[in-house]
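This report concerns only the one structure given below.
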Amino acid sequence: MTNLAIMPILAAAQDVPIELSPADTAWMLASTALVLLMTPALGYFYGGLVRSKNILNTLMMSFASLGVVGVAWALLGYSLAFAPGSSWIGGLDYVFLRGVGLDSGGAGLAIPHLLFMAYQGTFAIITAALISGAVVERMRFGPYLAFITLWSLVVYAPIAHWVWGDGWIAGLADGDGALDFAGGTVVHVNAGIAAVVAAIVVGSRKDYGQRAHLPHDVTYVLLGAALLWFGWFGFNGGSALGATDIAALAFVNTMLAPAATLVVWMLLDTMNTGKITAVGAATAIVVGLVAITPAAGFVGPLSALALGAIAAIPSYYMISYRSRTRLDDSLDVFAAHGVGGASGALLVGVFAAAVWGGREGAVDGNVGMIGTQAIALLGAALYSGIGTFVLLKALSLFTPLRKPSGEEGIGLDVVLHGEEGYAQGEGAVLVQPE
Amino acid sequence: MKMIVAIIRTEKLSDVLEVLYRANVRGLTVTQVQGHGGEIGNVETYRGVTVKMELHEKTRIEIGVSDAFAERTARAIMDSARTGEVGDGKVFVLPVDKVFRIRTGETDEEAVTPPGT
């Protein structure tokens, strides 16, 4: 049984290309497309949760990441994350995709290096888009684009390097590294912390705390959750980096853990409100997916069920608590991704089983694994928080981050994009070209 | 009795409802409408087709009140719906001949909320 994901990728870097595996290549091609779909899916998940006057802006916050972060990743981000470098950041060897070709190259996998770059790019794109849930319905679009582009280079790429490149987190525990199968720390804790900081720096929506801001289309929320789940099979299953037994393990766990989270969440909903809510169910699916992400290829299927079930609890109560605070993390990115990611990152330290994924957690007697996980978690969270704060503050010196409250009232679709998501089509006067 | 018909900005509805509630005004009907006032249309572009939206989304509130409540209801709406920009809307006060409460058969002042105070 080989588990490519637990080997720091660059430690395996070789000068002699490895023979490519058609099976691995086929699975990674499919996985890359699956993960790319998650970003539009996230747009619909978020879009349904906002008011109808901001639907296009919210969708665009995700869709635009496909453009700006996708380009930044190819030109610079991939190199900063995965080129040989220091413990803190990758080097510049792969800038402009230099040396990233069709052979296995520096990635040391049995798939084209170029495909590995694209697969990782889909992760950078969605991680940046995740943050948008904390600043919807008020942030100006230009500064948002500048922010996520820079963030993907300055915050995401180094943390990806720490965990999956030859960074310091990969060097923890005498070089065995912390466990982060598909990005519980790199993607979800990172985005969750960045979201809190962004919500604070950008500020609350103008009526936050006085007026309810209700979801305008819960059917979109469920549709988004469904497409996220589908894409997540590529996110976790693909993180085995080949068509292997571990890919199957990660794939099955990606089905089971959210199932358990959903069951527990529905119970919690019943206990707390007497009703099972659809928005709650969609949220539960995402929380379960987030929680299994760091663990997918390291734990057995029953542990995945347990992990998913346990992870429901902290996120559920964080959402209830957050809405009573003054923190306008509007779509609860922190509760779903920050808390869910942290639950998963710690629980993989508990449930990792040598017989499944080859690494021992606390259930195998390796209690120290939980400590290693906590160090990785805190290191990434600290850097993400500081990096996000400095970036947004610096941007705010050049340009306002949000619209005045009157324009926020009209809605960002008309004000920022000059379009309406649900235009009636009546009363529009054609403006003839000069 | 009077019928108050107010056309307001949609985003001001929550503010207006809250003020009406505080003013003890109960029983109203809200409709989403489109209309055209003095404000300049939003310019929107779809695939190179630029249009000016002459009709704006507005919210219409109808409230049947007793004579004593007409003035304060209208004032409450005005105060809470105002932004100071063109497009804040209008409040119309109309005479009402007769009112029946369907459930009880009460008529006129008895049938509007709040009754006679």
Side-chain angles (χ1 to χ4, degrees), chain A residues 50-60 63-64 136-142 204-217 323 328 330 402-434, chain B residues 6-23 25-26 28-61 76-91:
Chain A
V50 300
R51 291 165 292 176
S52 57
K53 61 187 175 184
N54 296 313
I55 174 66
L56 295 179
N57 178 250
T58 305
L59 281 165
M60 283 293 285
F63 274 77
V136 288
E137 303 197 290
R138 63 230 197 243
M139 191 167 182
R140 290 174 64 227
F141 204 58
S204 304
R205 287 169 290 181
K206 67 187 180 78
D207 295 330
Y208 178 71
Q210 283 119 46
R211 301 268 171 264
H213 298 98
L214 299 183
H216 88 283
D217 193 341
S323 61
D328 190 11
S330 314
R402 58 189 296 166
K403 277 287 181 186
S405 71
E407 301 194 347
E408 192 183 320
I410 293 167
L412 300 186
D413 290 0
V414 168
V415 171
L416 292 178
H417 303 282
E419 292 171 290
E420 295 169 63
Y422 308 101
Q424 302 288 316
E426 305 299 330
V429 175
L430 194 58
V431 176
Q432 298 294 351
E434 297 285 317
Chain B
I7 311 293
I8 62 163
R9 291 182 189 275
T10 299
E11 70 259 29
K12 281 290 179 185
L13 179 61
S14 299
D15 292 304
V16 171
L17 290 180
E18 183 177 315
V19 169
L20 289 175
Y21 184 83
R22 290 225 190 95
V25 177
R26 302 283 188 278
L28 49 79
T29 307
V30 174
T31 324
Q32 299 302 328
V33 295
Q34 289 188 305
H36 178 61
E39 63 202 301
I40 298 163
N42 296 315
V43 175
E44 301 180 1
T45 303
Y46 299 88
R47 287 198 163 169
V49 178
T50 301
V51 294
K52 198 187 265 184
M53 303 304 281
E54 292 294 351
L55 293 180
H56 292 261
E57 300 285 328
K58 295 286 171 186
T59 295
R60 173 188 164 116
I61 306 176
I77 294 172
M78 272 202 294
D79 292 345
S80 54
R82 183 181 297 121
T83 69
E85 302 291 318
V86 176
D88 276 352
K90 288 202 172 50
V91 180

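Just so it is clear, the structure is predicted and the values come from calculations on it, not from any experiment. To find a chain, count down the sequence lines: A is the first, B the second, and so on, and within it residues start at 1. Heavy atoms only: backbone and side chains are in, while hydrogens, waters and symmetry mates are out.
Atom CG of A:L430 sits in a crowded spot, with more than 12 heavy atoms from other residues, nucleotides or ligands closer than 6.0 Å. For OH of B:Y46, the number of neighbouring non-hydrogen atoms (other residues, nucleotides, ligands) closer than 6.0 Å is greater than 12.
With respect to chain A, the highest number of heavy-atom pairs below 4.5 Å among B:E54, B:K12, B:E44 belongs to B:E44. The candidate from B:E85, B:H56, B:R9, B:E18 with the greatest count of non-hydrogen atom pairs under 4.5 Å with chain A is B:E18.
Contacts of B:V49 with chain A are made by side-chain atoms alone, with heavy-atom separations under 4.5 Å and no backbone atom involved. Heavy-atom distances place no part of A:A212 under 4.5 Å from chain B, backbone and side chain included. For chain A, the nearby part of B:T45 is the backbone; its heavy atoms alone come within less than 4.5 Å.
For the atom pair B:E11 CD and A:K53 NZ, the distance stands at 5.5 Å (nearest 0.5 Å).
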